[in-house]
Engineer: 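This structure is in structure tokens; I'll ask about it shortly.
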Amino acid sequence: MAKKKKKILIAFGEKVRQLRKEKGISQEELSFRADVHRTYIGMIERAEKNITLTNIEKIAKAFEVSVSELMS
């Protein structure tokens, strides 16, 4: 994977982990709220998954934030 691509996945995963911890929810709870598989959240947080726009929107809704806030 190209270095630049990996960098954005790491940054996004860190943001997801940060918001999840701020809201005091587990990966399992987030996966339930976002309607994605529970292991998917861990893979995102570890930058192992190149997430789709559809799933970014699902996760933003699960956090009750805008997509732009999740991406910042």
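All of these numbers come straight from a predicted model, not from anything done at the bench.
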Engineer: How would you list all residue pairs meeting salt bridge (charged side-chain N to carboxylate O under 4.0 Å, His left out) that involve residues 57-72, not counting sequence neighbours?
Structural biologist: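 Sorted pair list comes back empty.
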Engineer: Treat each ILVMFWY residue as a node, draw an edge where side-chain heavy atoms are under 4.5 Å apart, and state whether Leu30 and Val67 are in one component.
Structural biologist: yes
Engineer: Is a donor on one side and an acceptor on the other found under 3.5 Å between the side chain of Lys6 and the backbone of Ala47?
Structural biologist: yes
Engineer: Got a sec, which residues hit side chain to side chain donor-acceptor pair (under 3.5 Å) with Ser66, two or more places apart in sequence or on another chain?
Structural biologist: Ser68
Engineer: For the atom pair CG (Asn50) and CD1 (Ile8), what is the distance rounded to the nearest 0.5 Å?
Structural biologist: 9.0 Å
Engineer: Leu19 and Leu53: same hydrophobic cluster, using ILVMFWY side-chain contacts below 4.5 Å?
Structural biologist: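 In one cluster: yes.
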Engineer: Between Ile59 and Ile44, is any pair of side-chain heavy atoms under 4.5 Å apart?
Structural biologist: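 Heavy-atom side-chain distance check passes, below 4.5 Å.
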Engineer: Could you tell me which non-hydrogen atom of Lys15 sits nearest to which non-hydrogen atom of Leu70, and how far apart they are?
Structural biologist: CG-O, 3.1 Å
Engineer: Please list all pairs meeting salt bridge (charged side-chain N to carboxylate O under 4.0 Å, His left out) that have one or both residues in residues 27-41, counting only residues at least two apart or in different chains.
Structural biologist: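 As it turns out, the salt bridge (charged side-chain N to carboxylate O under 4.0 Å, His left out) pairs with a partner in residues 27-41, which skip direct neighbours, are Glu29-Arg33.
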Engineer: Once side chain to side chain donor-acceptor pair (under 3.5 Å) is applied, do any residues pair with Glu14, and if so which ones, sequence neighbours excluded?
Structural biologist: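 By the side chain to side chain donor-acceptor pair (under 3.5 Å) rule, Glu14 matches no residue at all.
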Engineer: Could you work out, with side chain to side chain contact (heavy atoms under 4.5 Å, CB included) as the rule, every residue matching Glu45, not counting sequence neighbours?
Structural biologist: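 In terms of side chain to side chain contact (heavy atoms under 4.5 Å, CB included), with neighbours along the sequence ignored, Glu45 is linked to Val16, Arg17, Arg20, Gln27, Ile41.
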Engineer: Any side-chain to backbone donor/acceptor pair from Lys23 onto Phe63? Under 3.5 Å, distance only.
Structural biologist: yes
Engineer: Of all residues at least two apart in sequence or in a different chain, which pass the salt bridge (charged side-chain N to carboxylate O under 4.0 Å, His left out) check with Arg46?
Structural biologist: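 With neighbours one apart ignored, the set is Glu48.
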Engineer: Over all heavy atoms of both residues, which pair between Tyr40 and Ile51 is shortest? Give the atoms and the distance, please.
Structural biologist: OH-CG1, 3.4 Å
